[in-house]
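Everything below concerns the one structure shown next.
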Amino acid sequence: MKVLFIGAGSMAEAIISGAVMSKVLNPLETYVTNRMNTERLSELTARYHVQVSYDTEALIQNCDVILLAVKPKDCYDILLKIKPFVQKSQLILSVLAGISISFINETLNKDVSIIRAMPNTSATLRQSATALSFNEKVSNEQRQWAFSLFNSIGTCVEVEENQLDLITALSGSGPAYVYYISEILEEAAIKLGLDSTIANSLITQTIIGAGGMLKESGLKAGTLRKNVTSEGGTTEAGIQALQEHNIKEAFNHCIEKATERAEQLRYQFQYK
């Protein structure tokens, strides 16, 4: 498949990096464009040997897949720009938070195959968690290709589109929550006298190890937590402190607010 990335930000680069490394994308058949940031396109060419251009018409006519990786606020203008050149045989793949399949279809005013994907930036290391939703025009070949692409940069699952706002809040934004927890743990360790380099190293490996246990052990998170929480021990004392500060409710509120924001994006940027 020849793929055109419209947008050259961190998410586009994460997908390109992981998929080129996995050889699902051929750099010679991977094209990237953006508004007018030629320096950014030069960076991507140097790193991944992808093709870059500002000839929108030629790019679209040459590609099987058009991957939308712009900011949600720019989606409407981009769709209008590419509308004259999009062909019914092409696949539109969007990684934009809050922008619905129906909006893309209505704006293009063409019955094209559309997939919405919600990956995260861990795609750079081929560790993304991605959710996919399809419209009825997507062929079996296009569906399998999308699974191949996103499985090459981590894992992916198919969901109903109405679940994507929640998934955006959960796994789309999820890496940032983990980084924030890492920041907090490191600050606490330094405050209590541990060297920052040592603290960072221990916290990073702890997160990697815990993630590995969740993935490989086959056990639920609650079971794993209980396995390391001895009665009267240090872990129990720490967990009790978190419970006293309502950490569970804080995370519930976090996911709720992020989901609400994903829903707001749909109305903010789709309906002007």
Side-chain angles (χ1 to χ4, degrees), residues 11 14-15 18 22 95 97-98 115-134 143-144 146-189 194 199-263:
M11 181 53 71
I15 295 170
S22 301
V95 296
I115 299 175
R116 278 189 65 191
M118 183 45 57
N120 61 42
T121 52
S122 298
T124 303
L125 300 178
R126 294 186 287 177
Q127 294 294 330
S128 176
T130 304
L132 302 175
S133 292
F134 307 86
R143 180 185 293 265
Q144 291 307 312
F147 274 108
S148 295
L149 174 66
F150 289 105
N151 277 324
S152 79
I153 57 173
T155 61
C156 67
V157 296
E158 180 178 353
V159 300
E160 295 297 324
E161 189 183 9
N162 61 16
Q163 296 178 306
L164 280 180
D165 288 338
L166 171 56
I167 288 168
T168 299
L170 183 65
S171 57
S173 300
Y177 308 149
V178 177
Y179 303 147
Y180 187 49
I181 291 169
S182 180
E183 284 183 78
I184 293 170
L185 290 173
E186 185 173 340
E187 288 172 7
L194 196 61
N200 179 270
S201 176
L202 293 173
I203 292 164
T204 299
Q205 187 56 46
T206 298
I207 291 172
I208 292 170
M213 286 293 290
L214 281 168
K215 184 173 183 178
E216 302 296 339
S217 70
L219 299 175
K220 297 288 187 181
T223 300
L224 290 170
R225 173 180 57 80
K226 291 173 183 176
N227 287 347
V228 295
T229 307
S230 302
E231 185 176 352
T234 57
T235 307
E236 183 181 66
I239 293 291
Q240 285 176 349
L242 292 174
Q243 291 172 339
E244 288 167 5
H245 285 81
N246 295 320
I247 194 71
K248 186 175 182 178
E249 294 195 7
F251 271 102
N252 282 336
H253 191 56
C254 164
I255 301 301
E256 287 172 4
K257 296 300 290 185
T259 302
E260 287 174 11
R261 182 56 183 153
E263 293 169 350

Say you draw a straight line from [atom1] of [X] to [atom2] of [Y]; how long is it, rounded to the nearest 0.5 Å?
X: L242; Y: K248; atom1: CG; atom2: NZ; result: 13.0 Å
X: L214; Y: L224; atom1: CG; atom2: CG; result: 5.5 Å
X: I203; Y: I208; atom1: CD1; atom2: CD1; result: 12.0 Å
X: I167; Y: I255; atom1: CD1; atom2: CD1; result: 11.5 Å
X: S128; Y: I15; atom1: OG; atom2: CD1; result: 7.5 Å

Side-chain heavy atoms of V159 within contact of M118, under 4.5 Å: no
Residue pair I181 / L185, side-chain heavy-atom distance below 4.5 Å: yes
Candidate pair E231 and E236, rule side chain to side chain contact (heavy atoms under 4.5 Å, CB included), full reasoning: CA-CA 7 Å; E231 185 176 352; E236 183 181 66; 4.3 Å; yes
T168 side-chain N/O to L164 backbone N/O, donor-acceptor pair under 3.5 Å: yes
Backbone of V228 reached by a side-chain donor or acceptor of T235 within 3.5 Å: yes
Selection residues 146-165 - residue pairs positive for side chain to side chain donor-acceptor pair (under 3.5 Å), sequence neighbours left out: R116-E161, R143-E158, D165-R266
E260: salt bridge (charged side-chain N to carboxylate O under 4.0 Å, His left out) partners, not counting sequence neighbours: K257
Pair listing, ring pair (Phe, Tyr, Trp, His ring centres under 6.0 Å) test, anchored in residues 147-169, at least two apart: F134-F147
